[in-house]
2 protein chains.
Amino acid sequence: MKTAWEGKLLNYLKNKGLRHSEARTKVASVVAESEEHFDIQQLVARVQKKYKDIGAATVYRTVKTLVEAGILRETFQGSAGVSLFEFTSEDHHDHIVCVDCGSIFEFHDEALEAIQARTVQSHGFEEVRHQHVIYARCRLLQKGTPE
Amino acid sequence: MKTAWEGKLLNYLKNKGLRHSEARTKVASVVAESEEHFDIQQLVARVQKKYKDIGAATVYRTVKTLVEAGILRETFQGSAGVSLFEFTSEDHHDHIVCVDCGSIFEFHDEALEAIQARTVQSHGFEEVRHQHVIYARCRLLQKGTPE
DNA sequence: GTCGATGCAAAGCATTTGCACAGAA
DNA sequence: TTCTGTGCAAATGCTTTGCATCGAC
């Protein structure tokens with residue numbers, strides 16, 4: 001049985017005439033196991049921990065490929081100023097980042113998406129993707145820290 | 001007569017116990033003249049064109065100060081992967097960036113802001129700021145170009 | 001066998017930092 | 001005078017690239 005990301009990857013590589021190499025599969029599999037938001041440096045570390053023979057440059061090159069294949073999604077800049085990525089799931093969501101503790105909370109609001117779509121269209125654009133990040137404080141109301 | 005940014009700068013420096021140096025004023029004045037979205041490299045070029053004696057490091061250091069003072073706002077990453085800044089005006093707005101031509105369109109939608117505020121609050125957060133960028137195509141009738 | 005993909009190390013680049021000097025307070 | 005701010009250059013750290021080799025097709 002083939003997982004969704006394997007299908008996407010094979011399909012993308014085939015369409016682009018790219019090769020189905022071992023390194024690409026290995027990096028993709030590590031990405032698929034990563035639930036959280038991560039930057040490329042962290043991914044390099046994880047990949048190299050599991051597969052000693054993969055160079056950092058390959059991870060950088062593969063990440064670009066995976067984003068184009070729709071397997072990875074570039075989200076927003078982390079505190080270090082580098083882009084964070086996440087494994088693409090079916091459901092679209094946006095992010096709230098706590099400026100105090102750095103925790104990342106995912107949310108999805110149909111009404112918000114609908115209004116956004118209307119706004120974009122009314123200005124004559126056709127949306128490709130969007131990045132909506134809200135920086136906020138999560139401890140104000142003494143609620144639990146969102147995971 | 002004092003402009004808004006001069007007031008903000010003096011006030012911020014005073015509150016923080018920082019010095020009102022010539023370099024800070026010069027960089028701020030160049031920022032105030034810049035209407036568009038720009039990255040720090042571009043700002044360095046503009047500053048040094050007008051004032052030969054200001055180092056790049058000072059511009060980097062001053063940009064941080066101006067952001068904290070509320071005179072500059074960090075918006076989103078440009079195509080080169082570096083952050084773009086804009087001079088802070090009174091009206092809040094978000095951005096639509098054309099993925100084809102790179103042009104930047106500013107929009108403001110009250111309904112969208114209202115729903116966003118509701119969403120943030122319902123999850124127990126207190127918003128500090130947000131970054132909402134929509135990547136889209138500005139030429140609606142043009143077909144995409146899959147290679 | 002071809003030619004794209006990879007690993008390694010070097011290069012590239014934006015940004016930060018160390019340090020001696022300049023200049024606000 | 002005191003001590004922060006600045007200019008310069010070196011250092012840093014992430015990312016890309018050149019090149020010889022490897023491997024998918």
Side-chain angles (χ1 to χ4, degrees), chain A residues 6 9-30 37-69 72 74-85, chain B residues 6 9-31 37-69 72 74-85 147:
Chain A
E6 287 174 307
L9 181 58
L10 289 175
N11 190 53
Y12 176 78
L13 295 177
K14 188 168 187 177
N15 282 337
K16 287 283 184 177
L18 302 174
R19 291 177 182 172
H20 180 215
S21 71
E22 204 178 330
R24 287 210 249 248
T25 306
K26 285 177 175 173
V27 173
S29 73
V30 173
H37 303 79
F38 56 88
D39 61 36
I40 303 192
Q41 297 280 313
Q42 294 172 316
L43 180 59
V44 168
R46 286 182 202 161
V47 168
Q48 295 188 333
K49 185 178 174 186
K50 191 164 182 181
Y51 307 104
K52 319 277 190 219
D53 59 333
I54 293 187
T58 297
V59 177
Y60 276 90
R61 287 186 278 234
T62 304
V63 162
K64 284 189 177 176
T65 304
L66 297 180
V67 168
E68 285 166 17
L72 257 190
E74 186 169 359
T75 58
F76 55 93
Q77 281 196 326
S79 53
V82 296
S83 287
L84 299 185
F85 295 82
Chain B
E6 287 173 307
L9 180 58
L10 289 174
N11 190 51
Y12 176 79
L13 294 177
K14 187 169 186 177
N15 282 337
K16 288 283 183 176
L18 302 174
R19 292 177 181 172
H20 178 216
S21 71
E22 203 178 330
R24 288 210 249 248
T25 306
K26 285 177 176 173
V27 172
S29 72
V30 173
V31 158
H37 303 78
F38 55 88
D39 61 36
I40 303 192
Q41 297 281 315
Q42 295 172 316
L43 180 59
V44 168
R46 285 181 202 162
V47 169
Q48 295 189 334
K49 185 177 175 186
K50 191 164 183 181
Y51 307 103
K52 318 277 191 220
D53 59 333
I54 293 188
T58 296
V59 176
Y60 276 90
R61 286 186 278 233
T62 304
V63 162
K64 284 188 176 177
T65 304
L66 296 180
V67 168
E68 286 166 16
L72 257 190
E74 186 170 358
T75 59
F76 55 92
Q77 280 196 325
S79 53
V82 295
S83 287
L84 299 184
F85 294 83
E147 302 93 293

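In this text, all values refer to a predicted model and were calculated from it rather than measured experimentally. Hydrogens, waters and symmetry mates play no part in the numbers below; they use all other heavy atoms, side chains included. A note on names: the letters A, B, ... follow the listed sequences, proteins ahead of strands, and every chain is numbered from 1.
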Audit row: B:Y60, B:Q41, side-chain hydrogen bond (donor to acceptor under 3.5 Å, both in side chains) steps and yes/no = CA-CA 9 Å; B:Y60 276 90; B:Q41 297 281 315; 2.7 Å; yes
key: Side-chain donor or acceptor of A:T58 paired with backbone N/O of A:I54 under 3.5 Å   = no
ask   = Taking the side chain as C-beta and beyond, is there a heavy-atom pair between B:V63 and B:F85 under 4.5 Å?
value = yes
message = In the structure I gave you, are the side-chain heavy atoms of A:F38 and A:L72 within less than 4.5 Å of one another anywhere?
response = yes
message = Could you measure the distance from the CG atom of A:L84 to the CD atom of A:E74? Nearest 0.5 Å is fine.
response = 9.0 Å
Using atom [atom1] of [X] as one end and atom [atom2] of [N] as the other, report the distance to the nearest whole Å.
| X | N | atom1 | atom2 | result |
| --- | --- | --- | --- | --- |
| B:Q41 | C:dT16 | CD | C1' | 13 Å |
| B:L10 | C:dA24 | CG | C1' | 13 Å |
| A:L84 | D:dC14 | CG | C1' | 14 Å |
| A:F85 | D:dC14 | CZ | P | 14 Å |
| B:K16 | D:dT4 | NZ | C1' | 15 Å |

ask   = Would one find a side-chain N or O of A:K64 under 4.0 angstrom from OP1 or OP2 of D:dT16?
value = yes
query = Can you find a side chain N or O atom of B:Y60 that sits less than 4.0 Å from OP1 or OP2 on C:dT15?
reply = yes
ask   = What residues form a side chain to side chain donor-acceptor pair (under 3.5 Å) with B:Y12, not counting sequence neighbours?
value = B:E68
Residue pair B:T75, B:H37: steps toward the side-chain hydrogen bond (donor to acceptor under 3.5 Å, both in side chains) verdict = CA-CA 8 Å; B:T75 59; B:H37 303 78; 5.3 Å; no
ask   = Which letters describe nucleotides 19-25 of chain D, given B = protein heavy atom under 4.0 Å from base, S = only from sugar-phosphate, - = neither?
value = ----BBS
query = From the list D:dT6, C:dA5, C:dT17, which nucleotide is the closest neighbour of the side chain of B:R24?
reply = D:dT6
Minimum-distance nucleotide to B:V82 side chain [options: C:dA14, D:dA9, D:dT16] = C:dA14
key: Identified side-chain contact (heavy atoms from CB on, under 4.5 Å) partner of B:Q42 from the options B:V44, B:D39, B:I40   = B:D39
inquiry  = Under 4.0 Å, counting only non-hydrogen atoms across every strand here, what does B:A57 touch: a base, just sugar-phosphate, or nothing?
reply    = base
task = Tell me which residues in residues 47-56 of chain A put a heavy atom below 4.0 Å from DNA chain C, sorted by number, or none.
result = A:D53, A:I54, A:G55
task = Kindly determine whether A:Q77 and A:S83 satisfy side-chain hydrogen bond (donor to acceptor under 3.5 Å, both in side chains), including the steps that lead there.
result = CA-CA 4 Å; A:Q77 281 196 326; A:S83 287; 5.6 Å; no
